[in-house]
Amino acid sequence: MIGRIELAEMKIERRNDIDWLRIFATYLLFIFHVGKVFDKPPFYQIKNGTLSDGMKYFTGFIHIWHMPLFFLLAGWSVFNSLKKRSGGEFFIERVKRLFIPLVMGIIVFCPPMQYVYARTAMGFEGTYLEFLPLFFTSLKYFSWSHLWFLAYLFTFTLLYYWLFARLIRREDKGGSVHPAMIYAPIIALVIIQVALRPIWPGFQNLFDDWANFTYYSTFFIMGFVFSRYPAFEALMHKQWKIAGALALFFLLAMLVVSLTIPYGLPELVIFAPAGYCVVIFMLGFARRFLASVETGLSYARESAYPVYILHQASIVLPGYFVVQLDLPIYAKYPLLLAIAVTASLIVYHLLVRPFNAVRFLFGMRGISKMEPVK
């Protein structure tokens with residue numbers, strides 16, 4: 001176990017740039033998942049009658065780097081969490097932060113969303129009360145929807161705890177880091193994509209999803225390493241412009257390949273460096289321009305996690321009615337986006353944020369009686 005004495009000399013630092021990236025990644029989900037209602041790739045819990053090729057490329061661009069960024073930021077936060085807690089306290093905090101919101105979300109939000117999917121895509125004709133027992137007893141109807149992210153994070157926490165604890169106990173001797181080491185993970189990511197993605201294309205069920213499992217594990221571990229070793233982080237920040245140029249090159253290459261060659265090996269090879277370089281660029285950009293930005297940070301930072309939990313239902317449930325309107329996509333998209341953002345923030349601000357019991361279910365810290373919600 002990691003003891004408090006061993007960690008006493010490690011400084012706990014709240015990073016505005018990391019918080020802003022986490023906020024950005026969370027609120028970008030509205031733009032991404034509303035886009036999934038109208039794009040060509042098949043799966044989403046609600047789909048418009050007319051689908052868009054342009055929206056397919058838009059959501060595909062975000063998909064390349066969005067979840068890798070989420071997992072890297074999650075690994076980054078694990079380091080700070082471990083620094084200030086003993087092993088037992090860390091596991092209790094992870095249960096409160098990840099497992100309880102996961103269970104709550106599966107019980108409260110996933111059944112109505114999956115009912116919409118069952119009605120529109122699976123031919124289910126019964127009532128919601130008839131569907132509800134099927135959701136909890138049949139893998140055909142069960143889904144943890146977007147909450148798969150919490151399930152994977154909790155699993156990664158258990159799986160990699162001993163590695164992280166060992167890295168924390170080891171002395172950081174500093175020293176120089178060659179720029180090539182920043183890009184070395186690309187090799188592992190390409191191998192994962194080429195070797196595993198054709199077999200496990202991407203259904204996040206945890207037990208039969210080894211491409212995503214290993215791919216996102218790599219970003220999760222990298223986030224911890226970047227946070228643990230300042231030399232890596234300092235060099236990474238120096239590389240942000242180069243990473244941005246490489247990201248643009250790989251993204252353009254991937255677009256050309258996707259337009260000219262059927263999905264296969266070339267696209268799988270390009271996918272990993274494109275996503276990785278975008279993430280490195282964003283980390284450096286945020287450090288350069290957002291590290292000192294305080295305006296709106298406190299509210300946005302606290303809202304990000306509950307909004308993540310809320311956002312999908314705020315899209316799927318009203319989306320069921322929006323897609324039935326006789327409107328073009330360019331009118332439906334902003335309409336559904338506005339409804340989803342407004343609904344999520346209203347529920348968060350009025351029903352989640354003020355109440356300790358609800359905050360607990362959403363993985364949030366309680367409000368002290370000395371610190372009333374304003």
Side-chain angles (χ1 to χ4, degrees), residues 1-15 18-19 22 25-26 67-110 144-172 204-207 209-210 212-229 301-302 304-309 352 355-368:
M1 290 294 181
I2 301 175
R4 294 182 185 279
I5 296 176
E6 293 178 85
L7 303 179
E9 297 181 359
M10 288 190 174
K11 182 180 178 182
I12 306 297
E13 181 185 6
R14 189 90 212 192
R15 290 277 296 274
I18 298 299
D19 285 339
R22 189 175 292 110
T26 299
M67 291 312 301
L69 177 62
F70 256 130
F71 276 102
L72 186 141
L73 294 174
W76 195 297
S77 70
V78 165
F79 176 58
N80 272 341
S81 183
L82 272 173
K83 282 194 298 184
K84 58 186 178 182
R85 294 177 176 90
S86 67
E89 290 170 340
F90 173 74
F91 281 114
I92 292 172
E93 187 266 346
R94 294 287 96 178
V95 169
K96 291 179 179 179
R97 181 73 170 166
L98 298 173
F99 187 73
I100 290 175
L102 171 64
V103 174
M104 180 278 298
I106 288 174
I107 294 172
V108 176
F109 297 112
C110 292
W144 48 27
S145 187
H146 63 300
L147 301 178
W148 69 268
F149 176 59
L150 305 188
Y152 278 56
L153 277 186
F154 188 69
T155 303
F156 289 173
T157 297
L158 300 179
L159 185 62
Y160 304 125
Y161 167 77
W162 298 110
L163 169 64
F164 293 161
R166 187 176 182 85
L167 290 176
I168 284 182
R169 285 196 297 266
R170 290 181 61 182
E171 180 184 358
D172 180 11
Q204 295 95 357
N205 57 18
L206 194 61
F207 66 88
D209 183 35
W210 297 111
N212 280 331
F213 193 96
T214 52
Y215 194 76
Y216 294 142
S217 285
T218 305
F219 280 97
F220 184 71
I221 294 169
M222 283 192 317
F224 183 91
V225 170
F226 284 152
S227 183
R228 171 66 182 91
Y229 296 103
R301 178 167 53 205
E302 187 178 52
Y305 189 40
V307 165
Y308 174 85
I309 296 170
V352 177
F355 305 107
N356 274 339
V358 185
R359 291 172 69 96
F360 175 77
L361 294 175
F362 277 78
M364 301 173 68
R365 294 185 181 89
I367 305 169
S368 168

**Asked** When rounded to the nearest 0.5 angstrom, what distance separates OG1 in T157 from CZ in F220?
**Response** 4.5 Å
**Message:** Is it the case that atom CZ in F99 sees more than 12 heavy atoms from other parts of the structure closer than 6.0 Å?
**Reply:** no
**Message:** I need the L159 CG to F164 CZ distance, nearest 0.5 Å.
**Reply:** 9.0 Å
**Prompt:** Sub-3.5 Å donor-acceptor pair from the side chain of T155 to the main-chain atoms of A151, do we have one?
**Reply:** yes
**Request:** Give the minimum heavy-atom separation between V352 and R359, together with the two atoms involved.
**Result:** O-CG, 3.2 Å
**Donor-acceptor pair, side chain of S81 and main chain of S77, under 3.5 angstrom** = no
**Asked** F149 and Y308: aromatic ring centres closer than 6.0 Å?
**Response** yes
**Item:** R228 (side chain) donor-acceptor with L167 (main chain) under 3.5 angstrom
**Value:** yes
**Message:** Does Y305 form a side chain to side chain contact (heavy atoms under 4.5 Å, CB included) with F362? I'd like the steps, not just the answer.
**Reply:** CA-CA 8 Å; Y305 189 40; F362 277 78; 5.9 Å; no
**Asked** Quick one: are the ring centres of Y215 and F219 less than 6.0 Å apart?
**Response** yes
**I221 vs V225 side-chain heavy atoms within contact, under 4.5 Å** = yes
**Request:** State, to 0.1 Å, how close M104 and L361 come at their nearest heavy-atom pair, and which atoms those are.
**Result:** CE-O, 3.4 Å
**Side-chain heavy atoms of R94 within contact of L158, under 4.5 Å** = no
**Complete:** Heavy-atom nearest pair, G87 first then Y161, reads CA-OH, 3.3 Å
**Request:** Could you pull out all residues at least two apart from D19 that satisfy salt bridge (charged side-chain N to carboxylate O under 4.0 Å, His left out)?
**Result:** R14, R22, R301
**Request:** Could you pull out the closest heavy-atom pair between L147 and C110, with the gap in Å?
**Result:** CD1-SG, 3.9 Å
**Message:** Would you call the rings of F224 and F79 parallel, tilted or perpendicular, taking 30° and 60° as the class edges?
**Reply:** perpendicular
**Request:** Apply the test ring-ring contact (aromatic ring centres under 6.0 Å, His included) to residues F71 and F156: give CA-CA distance (whole Å), side-chain angles for both, the deciding distance (0.1 Å), then the verdict.
**Result:** CA-CA 10 Å; F71 276 102; F156 289 173; 5.6 Å; yes
**Prompt:** Would you say W144's side chain and Q204's backbone share a donor-acceptor pair under 3.5 angstrom?
**Reply:** yes
**Request:** Taking all heavy atoms of R97 and all of P101, pick out the closest pair and write down the distance.
**Result:** O-CG, 3.3 Å
**Message:** Rounded at 0.5 Å granularity, tell me how far CG in L153 sits from CG in L98.
**Reply:** 5.5 Å
**Prompt:** Does the side chain of V78 come within less than 4.5 Å of F90's, by heavy atoms?
**Reply:** yes
**Message:** Checking the side chain of Y216 only, and the main-chain atoms of F70 only, is there a donor and an acceptor separated by less than 3.5 Å?
**Reply:** no
**Request:** For residues T26 and A304, report the shortest heavy-atom separation together with the two atoms involved.
**Result:** CG2-O, 3.1 Å
**Prompt:** N212 and Y152: side-chain donor and acceptor closer than 3.5 Å?
**Reply:** no
